[in-house]
> 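I'd like to ask you about the structure that follows.
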Amino acid sequence: MKLTYLPQWQIKNNSTKQFVIQEDEQSVSLVSPINEYAMGILSQVTFTIINGEVKQAVVENNSPAIHVSVDEANALITINDQ
């Protein structure tokens with residue numbers, strides 16, 4: 001899957017877990033419902049973008065069930081089960 005806002009970046013999803021991928025101009029989040037009214041962020045990748053180019057990607061893993069890693073050299077986000 002290619003990102004909408006950063007089309008040079010791809011996501012490789014190796015996970016069997018159920019979640020939704022949300023994207024904006026500077027981040028990608030994996031979210032899952034907590035209840036009928038709220039979503040929890042399982043993992044998030046935040047990009048530092050300068051002049052349209054990604055200079056840094058920071059990963060915040062919040063779930064023991066899923067692990068997200070970033071390969072900046074190959075513009076790849078990988079999602080794996082723990």
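Since the structure is predicted, the reported quantities are computational estimates derived from the model, not experimental observations.
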> Can you check whether Y5 reaches E23 side chain to side chain, under 4.5 Å on heavy atoms?
yes
> Could you state the interatomic distance from OG (S32) to CG (N62), rounded to the nearest 0.5 Å?
12.0 Å
> Show me, pair by pair, the donor-acceptor contacts under 3.5 angstrom made by side chains of residues 70-82, not counting sequence neighbours?
residue : atom : partner : partner atom : Å
D71     : OD1  : A73     : N            : 3.3
D71     : OD1  : N74     : N            : 3.3
D71     : OD2  : N74     : ND2          : 2.8
E72     : OE2  : A57     : N            : 3.3
N80     : OD1  : N14     : ND2          : 2.9
D81     : OD1  : S15     : OG           : 2.4
D81     : OD1  : T16     : N            : 3.4
D81     : OD2  : T16     : N            : 3.0
D81     : OD2  : T16     : OG1          : 2.8

> Do any N or O atoms from the side chain of S63 and from the backbone of A65 form a donor-acceptor pair under 3.5 angstrom?
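Between the backbone of A65 and the side chain of S63 there is a qualifying donor-acceptor contact (under 3.5 Å).
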> Do V31 and F47 belong to the same hydrophobic cluster, where Ile, Leu, Val, Met, Phe, Trp and Tyr are linked whenever their side-chain heavy atoms lie under 4.5 Å apart, directly or via other members?
no
> Suppose we screen for side-chain hydrogen bond (donor to acceptor under 3.5 Å, both in side chains). Which residues come up paired with Q26, at least two apart in sequence or across chains?
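Q26 satisfies side-chain hydrogen bond (donor to acceptor under 3.5 Å, both in side chains) with no residue once adjacent residues are dropped.
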> Would you say L6 and E25 make side-chain contact, with heavy atoms under 4.5 Å?
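A side-chain contact is absent here, since even the closest heavy-atom pair is not under 4.5 Å.
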> With a 4.5 Å cut-off on side-chain heavy atoms, are Q44 and T46 touching?
yes
> Counting only pairs under 3.5 Å, give me each side-chain donor-acceptor contact of residues 35-43, with atom names and distances, residues two or more places apart or in other chains.
residue : atom : partner : partner atom : Å
N35     : OD1  : Y37     : N            : 2.7
N35     : OD1  : A38     : N            : 2.9
S43     : OG   : N61     : OD1          : 2.9

> In this structure, would V59 and I49 fall into the same cluster of hydrophobic residues linked by side-chain contacts under 4.5 Å?
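Result: yes, single cluster for both.
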> Any chain of hydrophobic side-chain contacts (each under 4.5 Å) joining V58 to V68?
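No; V68 is not reachable from V58 via cluster members.
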> Counting only heavy atoms not in Q8, do more than 12 sit closer than 6.0 Å to its CD atom?
yes
> Under the side-chain contact (heavy atoms from CB on, under 4.5 Å) test against I11, which residue among L3, L30, V45 passes?
L3
> Do W9 and T4 touch side chain to side chain, with heavy atoms closer than 4.5 Å?
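Result no, sub-4.5 Å side-chain heavy-atom pair not found.
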> I'd like to know whether V54 forms a side chain to side chain contact (heavy atoms under 4.5 Å, CB included) with T48, so could you lay out the CA-CA distance, the side-chain angles of the two residues, the decisive distance to 0.1 Å, and finally the verdict.
CA-CA 6 Å; V54 174; T48 300; over 6 Å; no
